[in-house]
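Below: one structure, written as structure tokens.
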Amino acid sequence: MKSANANEIKSAFTVQSKHFEEHEGNFKNKEYIDYVISELQPKTEDKVLETAAGTGICAREISPFVKSVTCVDLTPAMLKKGKENADKEGIDNITFILGDVNELPFSDNSFDIVLSRLAFHHFYDTNKAFSQMARVLKKGGKFVYIDMAAASEEVRDIEDKIEKMRDTSHVKNLSQNEVLKLFYDNNFNIDKMSITPIKKELENWLDFTNTEPNTKAKIKKLFKNDLETKSKTGFCPIIENGKIYFNQNWLMIIGTKQ
């Protein structure tokens with residue numbers, strides 16, 4: 001087991017100065033995914049696994065650069081939609097498989113790249129999920145982790161409470177150090193690490209998950225209290241053109257399996 005080295009972490013870590021605005025309508029954010037792919041630098045012979053893939057948003061974007069992509073998810077409807085989208089786009093190197101991240105239906109050392117995007121905050125057992133993803137990755141393979149970074153300790157609880165109010169499938173956001181521990185506990189070296197602010201408009205963010213009106217009102221009240229410095233939410237909201245915005249900090253870590 002390798003321990004986190006402070007100098008290595010410091011040299012690997014950057015905060016992206018460029019803001020990527022997430023378009024809630026399709027939740028795609030192609031610009032951010034292109035940025036991730038450029039940092040990953042996949043090879044044409046790579047076999048890629050996207051876990052908890054949903055409709056395979058990342059899979060479709062990375063597919064032109066690799067040999068094959070496998071999408072695994074627990075929701076048949078999402079996989080069906082993903083296949084339909086891939087077929088419409090003429091992508092023929094993606095496979096969609098029903099499966100659980102806690103028991104991935106693949107042999108050890110099956111993939112050159114394993115990718116997880118906006119998924120770990122849904123997992124109850126993040127250690128088990130990560131170890132399964134590490135298991136199916138080849139030695140020397142790349143693990144790409146993308147998810148929201150937790151707020152500072154004093155406001156983590158209220159941030160997660162609001163996230164759960166909006167989306168009942170939310171469990172908790174992991175901090176940068178908690179994610180690094182997953183990598184080091186599973187014998188990975190860190191290649192790239194960054195936090196990128198993703199600008200959100202509160203109303204669109206709530207509408208995306210069809211938040212129930214009473215719950216939406218409660219969340220808006222919490223944000224307004226934060227704006228009035230009555231109580232912090234961890235979201236650091238601001239007002240622009242009469243609308244409430246905030247930045248979601250997306251943590252990306254790319255590690256190599258030793």
Side-chain angles (χ1 to χ4, degrees), residues 15-33 35 52 54-55 57-58 73-75 77-78 81 101 116-126 129 145-179 182 194-253:
V15 176
Q16 300 299 314
S17 59
K18 186 173 185 179
H19 281 53
F20 297 88
E21 294 198 17
E22 184 72 36
H23 300 292
E24 298 286 357
N26 59 20
F27 205 63
K28 186 173 183 179
N29 200 334
K30 185 178 185 303
E31 188 179 9
Y32 181 82
I33 298 173
Y35 152 69
T55 60
I57 289 171
C58 281
D73 197 273
L74 268 176
T75 308
M78 298 288 277
K81 182 64 175 177
V101 294
S116 172
R117 175 183 180 269
L118 301 181
F120 267 78
H121 66 271
H122 293 297
F123 301 157
Y124 285 96
D125 191 339
T126 55
Y145 173 100
I146 304 164
D147 206 356
M148 300 170 291
S152 57
E153 285 300 324
E154 64 270 20
V155 286
R156 280 189 73 172
D157 288 346
I158 183 62
E159 183 198 43
D160 276 326
K161 178 182 177 181
I162 291 171
E163 291 278 9
K164 289 175 186 177
M165 289 170 68
R166 172 186 175 264
D167 178 3
T168 56
S169 68
H170 179 91
V171 178
K172 71 172 182 177
N173 291 335
L174 298 180
S175 71
Q176 174 191 322
N177 286 339
E178 287 168 338
V179 180
L182 290 173
S194 67
I195 286 183
T196 304
I198 305 292
K199 192 174 183 180
K200 299 280 187 176
E201 196 268 305
L202 178 60
E203 191 74 33
N204 288 340
W205 183 65
L206 295 172
D207 287 344
F208 186 76
T209 50
N210 298 313
T211 308
E212 186 267 333
N214 288 339
T215 302
K216 183 187 288 189
K218 291 176 182 177
I219 293 174
K220 286 181 177 179
K221 179 64 175 175
L222 289 168
F223 272 69
K224 288 175 182 176
N225 286 343
D226 192 339
L227 285 163
E228 295 168 3
T229 68
K230 292 179 180 178
S231 58
K232 296 298 181 184
T233 61
F235 288 85
C236 302
I238 60 171
I239 295 284
E240 287 185 7
N241 300 318
K243 295 182 178 181
I244 300 175
Y245 289 85
F246 64 95
N247 282 325
Q248 259 185 0
N249 291 318
W250 285 16
L251 172 65
M252 181 196 74
I253 300 179

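What you see below is based on every heavy atom in this structure, not just the backbone, and it leaves out hydrogens, waters and symmetry mates.
Interatomic distance, CG of L222 versus NZ of K230, reported as 11.5 Å (0.5 Å rounding). In this structure, the separation between OH on Y32 and CD1 on I198 is 6.0 Å, given to the nearest 0.5 Å. Considering CD of E201 and CD1 of I244, their distance stands at 8.5 Å, rounded to 0.5 Å. A distance of 4.5 Å separates CD1 of I33 from CZ of R117, quoted to the nearest 0.5 Å. Atom-to-atom distance recorded for D147:CG and L251:CG is 8.0 Å, nearest 0.5 angstrom. Here CD1 of I253 is found 9.0 Å from OG of S194. Values are rounded to the nearest 0.5 Å.
With T211 as the partner, the side chain to side chain donor-acceptor pair (under 3.5 Å) test is satisfied by one option alone out of T209, T215, N214: T209. The one candidate from W250, F120, F123 that meets the ring-ring contact (aromatic ring centres under 6.0 Å, His included) condition with Y145 is F120.
Between D73 and A52, the shortest heavy-atom distance links the atoms OD2-C, 3.2 Å. The heavy-atom pair separating P197 from I195 by the smallest distance is CD-O, 4.0 Å. Considering all non-hydrogen atoms of both residues, S175 and A150 come closest at N-CB, 3.8 Å.
Taking 4.5 Å as the limit, every side-chain heavy atom of H121 sits out of range of all side-chain heavy atoms of E163. The shortest side-chain heavy-atom distance between L182 and L174 falls under the 4.5 Å cut-off.
Salt-bridge formation is detected for the pair E153/R156: a Lys NZ or Arg NE/NH1/NH2 atom is positioned less than 4.0 Å from an Asp or Glu carboxylate oxygen. Salt bridge status for K220 with E203: present, with a side-chain N to carboxylate O gap under 4.0 Å.
Within a 6.0 Å radius of CG in N225, more than 12 heavy atoms belonging to other residues, nucleotides or ligands are found. Shown here is K164, whose NZ atom has more than 12 heavy atoms of other residues, nucleotides or ligands within 6.0 Å. Heavy atoms from other residues, nucleotides or ligands lying under 6.0 Å from NZ of K216 number more than 12.
The aromatic rings of H170 and H122 stand perpendicular to each other, their planes meeting at an angle above 60°, with 30° marking the opposite boundary.
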Just distance, no hydrogens or angles: give the donor-acceptor pairs under 3.5 Å from side chains in residues 231-240, sequence neighbours left out.
residue	atom	partner	partner atom	Å
T233	OG1	D226	OD2	2.7
T233	OG1	F235	N	3.1
E240	OE1	K199	NZ	2.7
E240	OE2	K199	NZ	3.3

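Under a 3.5 Å cut-off, the side chain of D160 and the backbone N or O of N173 do form a donor-acceptor pair. N247 places no side-chain N or O within donor-acceptor distance of the main-chain N or O of N249, the cut-off being under 3.5 Å. R166 places a side-chain N or O within 3.5 Å of a backbone atom of W205 that can act as its donor or acceptor partner.
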